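A short worksheet on the structure shown next.
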Amino acid sequence: MKRKTKNYLLIPDKFAQNFDDLEFIIDELIVYFNFLNEIDFEELKQMNSLHDSLDKIREEFSNICQVYGKLRQEYGVIYFQGNELFTRNTVTGIKLGLLVGKLERAKSIWGSDLSLDYEAAKELINHFTTRYLFKKDDE
Amino acid sequence: MNSSNDRKYVKYELNFKQKSKIADLASKKNVDADSIMSRIEDFLVSFTDYDNFTFWDKLLSFFNMKMIDFRSKIIADDIIETKKKIKEQKKLLREYEDDYFAIVALGKALESLNKI
């Protein structure tokens, strides 16, 4: 049977008495839960001007986010263009596929009298058909 | 310092948002929510004697720095991946353009069969 999860935390009374805004502290500890084990007191002691360091790291983070945002936007546009071109080639490729029949008929009627490399043409059609009608290779 | 036996506790009722976040954390870590809460309780016990706001302000700033640093590393990795994807996608765009002209040319060459 599944045990019911408790809805409260047991907090040392001394701690609770010293902080008016317990909700804020608990909120923060939940947010930073993954980092609770990373406390390094030596590092903490040395960081006298933590706010300056924090401002610097926030600024760097903001810059990296901007770069990332622009790159994602660029990728989005290029990906959209790629889809458009792929669809255009797929539609054009369907028409090409319909010409295979004509190619076969021409070969049976005129054969080598016609200056056309039937096999090379069929190979090209197969290549485009495989690429645009049976497979989308940039997913 | 009090021993763990004579230490007194108060009940802090979690609000809905906090319970949801804990449930979300537990799900991501594939553990039960109680173990998350126990870890937070243990943390508060170990820091009971650090009762001044300055220390906690510094501690929370420290965590904030760790979190930003962690996220920066993830984004930096993703930037490298996105740059690779953009390069690949640009190569594909060029191929699609070349293919289009080849398909159109081939189509025209074969269509002329009808006129013979």
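Note that the structure is a prediction, hence the values are computed from the model and not measured. So that the names make sense, note that chain A is the first sequence line, chain B the second, and so on, each numbered from 1.
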Without hydrogens or angle criteria, can the side chains of Asp13(A) and Tyr9(B) be said to hold a donor-acceptor pair below 3.5 Å?
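On atom types as modelled, these side chains do not qualify, holding no pair under 3.5 Å.
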Side-chain donor-acceptor contact under 3.5 Å, Glu23(A) with Asn15(B):
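Note: Glu23(A) and Asn15(B) side chains meet the donor-acceptor criterion.
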Looking at Lys6(A) and Glu41(B), does any basic side-chain N land under 4.0 Å from a carboxylate oxygen?
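Yes, Lys6(A) and Glu41(B) are salt-bridged.
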Carboxylate-amine/guanidinium contact Asp49(B) Lys14(A), below 4.0 Å
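Judged by the 4.0 Å cut-off on N to carboxylate O distance, Asp49(B) and Lys14(A) do form a salt bridge.
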Side-chain touch [X]/[Y], heavy atoms, less than 4.5 angstrom:
{"X": "Met67(B)", "Y": "Asn34(A)", "answer": "no"}
{"X": "Leu36(A)", "Y": "Phe63(B)", "answer": "yes"}
{"X": "Leu44(B)", "Y": "Leu29(A)", "answer": "yes"}
{"X": "Glu74(A)", "Y": "Thr82(B)", "answer": "no"}
{"X": "Leu10(A)", "Y": "Tyr12(B)", "answer": "no"}

What part of Phe128(A) is in contact with chain B, defined as an atom under 4.5 angstrom from a non-hydrogen atom: side chain, backbone, both or neither?
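The side chain, not the backbone.
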In terms of heavy-atom proximity below 4.5 Å to chain B, should Ile25(A) be classed as side chain, backbone, both, or neither?
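When you check distances to chain B, only side chain atoms of Ile25(A) fall under 4.5 Å.
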With side chain to side chain donor-acceptor pair (under 3.5 Å) as the test, pick out the partner of Asp27(A) among Gln18(B), Lys21(B), Lys17(B).
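The passing option is Gln18(B).
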Would you say Asn89(A)'s side chain and Tyr96(B)'s backbone share a donor-acceptor pair under 3.5 angstrom?
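Indeed, once roles are kept as given, a pair shorter than 3.5 Å links the two residues.
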Checking ring pair (Phe, Tyr, Trp, His ring centres under 6.0 Å) for the pair Trp56(B)/Phe24(A): CA distance, chi angles, key distance, verdict?
CA-CA 11 Å; Trp56(B) 276 86; Phe24(A) 170 74; 9.7 Å; no
Atom pair CD1 (Ile57(A)) and CG (Asn64(B)), whose distance is rounded to the nearest 0.5 Å
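These two atoms lie 8.5 Å from each other.
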Check Ile39(A) against Phe62(B) and note the closest heavy-atom contact, atom names and distance.
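Closest heavy-atom pair between Ile39(A) and Phe62(B): CA-CE2, 3.9 Å.
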Here's one to test your reading of the geometry: is the NZ or CZ of Lys66(B) within 45 degrees of the ring axis of Phe35(A) and under 6.0 Å from its centre?
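Checked: cation-pi criterion not met.
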Within 45° of the six-membered ring axis of Tyr100(B) and under 6.0 Å from that ring's centre, is NZ or CZ of Arg88(A) located there?
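Yes, Arg88(A) sits over the ring of Tyr100(B).
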